[in-house]
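Heads up: the structure comes next, in structure tokens.
By convention in this document, chain letters (A, B, ...) are assigned in the order of the sequence lines, proteins followed by strands, and residues within each chain are numbered from 1. Keep in mind the model is a prediction, meaning the values are calculated, not measured.
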Number of protein chains: 2
Amino acid sequence: MTYTIGEVAEKMDLTIHTLRYYDKEGLLPFVERTESGRRIFSDRDIILLSTIECLKATGMSLKDIKQYVDWCVEGKETVPQRYELVKNQKKVLEDQMTQLQKMLDAINFKCDFYKRAIETGSTDLCDSERKEWADKVINGTFNR
Amino acid sequence: MTYTIGEVAEKMDLTIHTLRYYDKEGLLPFVERTESGRRIFSDRDIILLSTIECLKATGMSLKDIKQYVDWCVEGKETVPQRYELVKNQKKVLEDQMTQLQKMLDAINFKCDFYKRAIETGSTDLCDSERKEWADKVINGTFNR
DNA sequence: ATAAAACATAAAGCTAACTCGAGGTCAAGA
DNA sequence: TCTTGACCTCGAGTTAGCTTTATGTTTTAT
């Protein structure tokens, strides 16, 4: 199965410009061309793109993603490196989720605070909550 | 309790430049000055900074964070707006976590793939895993 | 046959969020 | 007192990741 750049853009929810940019940056080394120079994407490229999107979604830079792609091109002797990279990114992701959970707690706290402030019609009645937030901040519950 | 810009930078793990940048952008409206012009940070500023860091960690832009700060300055008649903003950011965060969990599944899958490839000394033996990944991609398990 | 749509390159432009440098002022310790 | 280090402003520079523009070619539908 092959696809035009427009079809891929549609399928992957990226712009055509972005796909060409990725290609130029060397992130799509397997994309072929027609005689007249048009790009032909295969399922393999779709799969690579989905991996790229996956790594990008976890905050990896395109530069580091290119390293991964380069290793893919080099062949199976780079499997250990790729394993290391993916394992490391897994760690990054787990840390991110821990951090986000903390932020979610903090945001829930803020949410409740404002909700009560609205219900009681005053922020003053929420002094205890405000103090609690301050304590969390100062004791470092929410940061570092 | 008051702090110099250097102390705050240390405490909040930001650079002095970044703090001045935030101040210039209007994100720290309560910071006072000495007669000679040096910034004096109070606990209130530390608390606001921690809120800023919290919102930033969930991907909110400084522009949107400034809106929140502006509402804080305006006083309690903006509590409903602040509630909406925080509630919305909570939703953003929950979506993010769902997405990240998917990415984590995908990364775990990749991780296992490479691990087995190393154990068996060949990527060829992992064809079934590769196919499984392709299926997930094509059936949209990992994207959209 | 032809007009519109889709594709191509190359280079410039943009935005966010810093980051750095120059040049100067102020404050705290020996 | 003097020197060293922390602070100040202002403006320019940087980086990532696109995005737009200009110009031109190739398909495709009528």
Check if the side chain of B:Arg38 and the base of D:dA6 share a donor-acceptor pair of N or O atoms closer than 3.5 Å.
yes

Hey, does the side-chain of B:Arg39 have a donor or acceptor N/O within less than 3.5 Å of a partner on the base of D:dC8?
no

Can you tell me if the side-chain N/O atoms of [X] get under 4.0 Å from OP1 or OP2 in [N]?
X       : N      : value
B:Lys24 : D:dG11 : no
B:Ser36 : C:dA27 : yes
A:Tyr22 : D:dC18 : yes
A:Thr4  : C:dC7  : yes

Rounded distance in Å - [atom1] ([X]) to [atom2] ([N]):
X       : N      : atom1 : atom2 : value
A:Tyr21 : C:dA10 : OH    : C1'   : 15 Å
A:Ile5  : C:dA5  : CD1   : P     : 19 Å
A:Glu25 : D:dC18 : CD    : C1'   : 10 Å
A:Arg20 : D:dT23 : CZ    : C1'   : 13 Å
A:Glu32 : C:dC7  : CD    : C1'   : 18 Å
A:Glu35 : D:dT27 : CD    : C1'   : 14 Å
A:Leu27 : D:dC18 : CG    : C1'   : 13 Å
A:His17 : C:dG13 : NE2   : C1'   : 13 Å

Nearest of D:dC7, C:dA8, C:dC18 to any side-chain atom of A:Arg33?
C:dA8

Residue A:Leu62, side-chain atoms from C-beta onward, closest of D:dG17, D:dT19, C:dC18:
D:dG17

Determine whether [X] and [Y] make a side-chain contact, defined as any pair of heavy atoms from C-beta on separated by less than 4.5 Å.
X       : Y       : value
B:Arg33 : B:Arg38 : no
A:Leu48 : A:Ile52 : yes
A:Glu25 : A:Leu62 : no

Out of curiosity, does B:Phe30 fall in the hydrophobic cluster containing B:Met12 (side-chain heavy atoms, cut-off under 4.5 Å, transitive links)?
yes

Hydrophobic clustering (ILVMFWY, side-chain heavy atoms < 4.5 Å, transitive) - are B:Val73 and B:Ile40 grouped together?
no

For B:Thr34, answer base if it contacts any base atom (sugar-phosphate contacts may also be present), sugar-phosphate if it contacts only those atoms, and nothing otherwise; contact means non-hydrogen atoms under 4.0 Å.
nothing

